[in-house]
Every structure is written in structure tokens, then in C-alpha cells.
Amino acid sequence: MTVSVFARLLGAVALAGFLSGAGPAAAQPGPPAPMDTVEVGLTETVVRALEESPEVDQRQAQKQFATARSEEARANRFLTDVSLNTAHSFAPGLDNVPDGVSGDRLYLQPGVTNDWSPGALRPFSRFEIAVQQPLWTWGELSGSIEAARRGVDVEAARVEQKALEVAVRAGETYYGLILTEALDRLADRTQEVIDRAKREINRLLDEGDEGVSQSDLFQTRLTEEETKRRIVEIEQNQKTARSALRRQLFLSDRMWVEPAADELQPLSFAIHPDSLDYYIGRALQNRPEVEQAEAGVEARRALVDVARSDYYPTIGVQATLSQSITLPERPNPDNAFVGDSFMGTGTRSGIGIQQNLNFGQTRARVEQAEAELDAVQYQRTAAEQLVRFEVEEAYRSLLTAKAAVESRDRSTTIAGEWLRTEQVNFDLDLGNTEDLVKAVRADLQAQAQYLRAVRRYNVAVLDLLRATGTLADRARSGTLLETRDDRG
């Protein structure tokens, strides 16, 4: 039997137990010194990403703006307009004042005049407070308040929508790093196999073994170069994934982030017995897009009432209080029919009625508001259909990913059994070298494909939770499903 490079390799590593999976995995590289290590699990990754995300903070700021606008609308219900106006100038003195006439009788003296000479001028101030209180607005005030309140609900839904996007992205980044670490360990084991093969071939060549030729060495060297290329690619992908996770968590560049999970394992997630209908129902209850559309409909409905209120008169109360002061004081007659504009107190109050008579413009505004209401209602219908589609897509993707994990797991078991069988046959000089080589390749490929399938499955679970609108809340409450190592 001709002994190939891979056969000699298998014989060399069989005793070490590597091909049977009993050998130790290559050690992971530690953080470059000096760097602090931060170990995070899946839940911690998602929660920290939500807490640190400027995208979520931006939406939170928009919600705060809407909240302040709602408070302003509520404040308009009482004392809609309260103002204080002041005026400051100079008042004239009095000229030609006869002797012996009291101040409250000067208005009867026709010869008394204002003295505007510079020496006679004196400081003058007027203060006026005006208050307006609407009594009946036919839905204008209540509609404005309701629209502003619903605006807060819209912005709150937008915050949750962005939180879901950030949460699923953080989970994908977390599992992306674990995948690259697992592939890196697998690549190190492959390189170890090749190194042992080279040493075995060189030893057999030195001993003059006729079953080994230079072509075997060249073939091994070519395989080694291909493996080195893949190792470099995996290492760079690993660095990129680690940096991406660090950026997602907004950690310092001097921090070394490490997943809490030692291995890439499937999330423990049981699909609900009611399957698709259950998840669609959860999504319609929890998805922020649906809540946003509902709030938008209510806000637009309130604005229609606001527009219609212009058909009816606005009834309100207005009161003013004014005080005029001149120092030194001018004589101010105590008379109901005579007064001095530079001195005294004045009040005005009463009920006012304001009616907009541009009914054509009012009708146009009402029609515009109704058209905007129809548009938002259509958007709500579209949002519900989109949510249904996204849930179904995520649900079926999860089923596909689950089947893939189960299949890849069985493939890994089959490949391992095949490899062990070929190894035993080769040791007994009963096997075929080419079959042994194929078994080695199948085992390594099965392990790599299984790791990728697990990552796709875990991301599919997170995506289904995102589609149902529960991912961020479950992470915040600590009920996000994890593997044992993630909880570690």
C-alpha cells in the first residue's frame, strides 16, 4: 500500500488523540499588555449596548422634546395668556396752579396746564397685567393636548424601535466574535496537523522510505500555504469582530473585550407550540412600529377636531389691571368721570367671543387634516402587514437554522465516526489511504460548518425576538435566553 502524506500524518497524531477530538485546543491569545480585560455575556452585551448607544440617546432626546411640547399644550388649558407690560418715561408737571385750590379740584380750573419744561419733568411708569382664560373652544384645546400626548407615544415607540435594532446588532456582533475564536482554534489544530505531517515526511525521506516521495512534501507545503492564508484571514476577522464588539459597547481602545462563553453553543430556545400565530400575536402587541402607527392615528384624529373647532366661536374671559405712577405724585381727582392718565389704577374684564369667518379656509384645513388621518391609517395597516411578514420570515429562518444546526451536528458525529473507523483500519493496515484523507477533510469541514450553523441559529433566535418586539425588554429584565456559558 502506498503511504501518502496524510496517512503518515494520521499515524503520527493518532497516538496523541488529536483526530479523535481528545487533544487539547490551542490556547487563545491574551490581551496585549497593558490592557484591561472585560468579560461580557450575551445579556450584558445587549444591555450595555442599549445603555451606551448614541442612536437610542438621540431618540430619547426627541422623546424629551415631545414631552416638553405636551406639557406646554397642557399648560395652555388654564390662563392661556398671562402677560405683564411695563412702560417707563417722563410725565409733565403742572403750571398755572392757583393758590388755595385742593388737588382733587384742579380739574375745574381751566387755566391749569401741563408743564413740559425740562425742569418740571418727573419719572413716570405704567404697569399692566393682562390675563386670558378660554371657557369653551369646541375641542381646540383638548384636541391639541391629545395630539401632543400622542406625539410622546410616537417618540417613545421610535425609541423602542431603535433599541430593538441596537440589541439585535449587539447580539450578532457578540456571536460573530465567538465564531471567529472557534474557527481560530480549529485553524490552529489544522496547522498542528500539517506541521506534524511535514516532520513525519522529512523523517521518512531521510530514512529512505520508498512509500514517500518529494511530491508528498510539495503537496503538504501547498496545503500549508493555503492554511496560512486562511489563518491570517481568520485572525484579521477575529480582530475586526473584537473591535466591532468593543465599539458596540463603547469601551476604550485600551480595553480587551472577551466573551464569557468558552465555546459557541446553541441558545436554549423552545419554539412555542402555537408557532407562527403565537409570535404574530406577540408582535402585534409589542412591536413599536404598530404602537407608533396607533399613536399617530389618534394624534391625527385629535388634529381633525382642532381644525373643525374653527367652525364655532371661541368663548373666553379677559381681564387687565393697570397702574400708572408718577413721582413726585401729580394730583389725581377722586371722580368717576375725570382721571389723569399719568396717575391711578384701571381695570377691564369681561367675556369675549371670537369667530373665524373664513369658512372656506376652515373647510380646506379640515379636509387636509382628514387626508392626513387617512394617510396615517393606511400606514398603520401597512405596518401591521409588514410586522406579520417580518415575523413569518424570522420564524421560518429560525426553523431553517434549527434544522441546519441539527443536521450539522449529526454530520459532525458521522464525520467523527468515519474518521475513527478509517484510522483504526489504517492502523490495522486494512484501510485505504485516500479514504483516510477524505475522512480528515470531512471532519474538519463538518466542525467548521457546525460552528457557522450555530452562529446563524443564535442570530435567528435574536431576530425572532426582535421581530416580536421583546428582545430589548427581555435583555433589560434579565430573561433573555442564554447558554450555560453565556450566563457564566
Side-chain angles (χ1 to χ4, degrees), residues 4 6-28 42 175-194 196-197 223 226-227 230-231 234 259 261-271 396-462 481-488:
S4 69
F6 295 99
R8 294 293 183 178
L9 164 62
L10 291 174
V13 301
L15 296 178
F18 170 76
L19 292 177
S20 62
Q28 277 296 105
L42 175 61
Y175 282 116
L177 177 56
I178 299 179
L179 174 62
T180 58
E181 289 186 343
L183 292 177
D184 183 61
R185 289 191 292 267
L186 187 60
D188 289 341
R189 290 160 59 185
T190 304
Q191 182 62 51
E192 180 182 354
V193 170
I194 295 175
R196 292 181 179 180
T223 303
E226 177 66 17
T227 302
R230 292 183 179 180
I231 289 177
I234 292 174
D262 295 330
E263 297 180 0
L264 183 56
Q265 298 179 354
L267 284 171
S268 177
F269 184 79
I271 299 178
R396 301 197 184 284
S397 296
L398 176 59
L399 294 181
T400 303
K402 181 180 179 181
V405 169
E406 295 172 350
S407 176
R408 294 301 182 187
D409 186 35
R410 290 192 296 267
S411 297
T412 302
T413 302
I414 294 172
E417 293 176 354
W418 181 20
L419 179 57
R420 286 190 294 272
T421 300
E422 293 297 336
Q423 179 183 343
V424 171
N425 290 338
F426 180 79
D427 291 340
L428 298 176
D429 202 20
L430 300 175
N432 183 280
T433 304
E434 296 301 325
D435 291 340
L436 191 56
V437 171
K438 291 178 181 179
V440 172
R441 292 176 177 174
D443 182 62
L444 294 175
Q445 291 176 357
Q447 294 182 53
Q449 291 171 350
Y450 173 74
L451 293 173
R452 293 188 174 93
V454 170
R455 195 255 183 182
R456 285 194 295 268
Y457 171 77
N458 289 351
V459 171
V461 171
L462 298 180
L481 295 177
E482 301 178 348
T483 63
R484 181 182 59 188
D485 289 338
D486 284 329
R487 288 192 294 265

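We number each residue from 1, following the sequence as shown.
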Spatial distance of atom CG (D262) from atom CD (E181) [nearest 0.5 Å]: 9.5 Å
Let me confirm one number: the CG-CZ distance from L177 to R455, rounded to the nearest 0.5 Å. 10.5 Å
List the atom of L179, the atom of R452, and the distance in Å for their closest heavy-atom pair. CD1-N, 3.9 Å
Search all heavy atoms of L398 against all heavy atoms of Y457 and return the closest pair with its distance. CD1-CE1, 3.5 Å
Can you see which heavy atom on S411 is nearest to which on A446, and at what distance? O-CB, 4.1 Å
Heavy atoms of A453 and R408 approach each other most closely as CB-CG, 3.7 Å
Going by salt bridge (charged side-chain N to carboxylate O under 4.0 Å, His left out), name the residues that satisfy it together with R396, two or more places apart in sequence or in a different chain. E392
Step by step, work out the side-chain contact (heavy atoms from CB on, under 4.5 Å) result for T190 and I231. CA-CA 10 Å; T190 304; I231 289 177; over 6 Å; no
Validation row: L264, Y450 side chains within 4.5 angstrom (heavy atoms): no
Any sub-3.5 Å donor-acceptor pair from N458's side-chain atoms to Q265's backbone N or O? yes
Contact check, side chains of Q447 and L451, non-hydrogen atoms, under 4.5 Å: no
Roughly how far, to the nearest 0.5 Å, is CZ of R196 from CD of E192? 4.0 Å
Ignoring hydrogens, what is the shortest heavy-atom contact between V405 and P266? Give both atom names and the distance. CG1-CG, 4.2 Å
Using 0.5 Å steps for rounding, measure from the OG1 atom of T412 to the CG atom of L444. 11.0 Å
May I ask you to test the D409-E406 pair for a side-chain heavy-atom distance under 4.5 Å? no
Please check this pair: side chain of S407 against backbone of A403, looking for a donor-acceptor N/O pair closer than 3.5 Å. no
Residues passing the salt bridge (charged side-chain N to carboxylate O under 4.0 Å, His left out) test with R230, sequence neighbours excluded, are E226
For I234 and T180, the nearest pair of non-hydrogen atoms, with its separation, is CG2-O, 3.8 Å
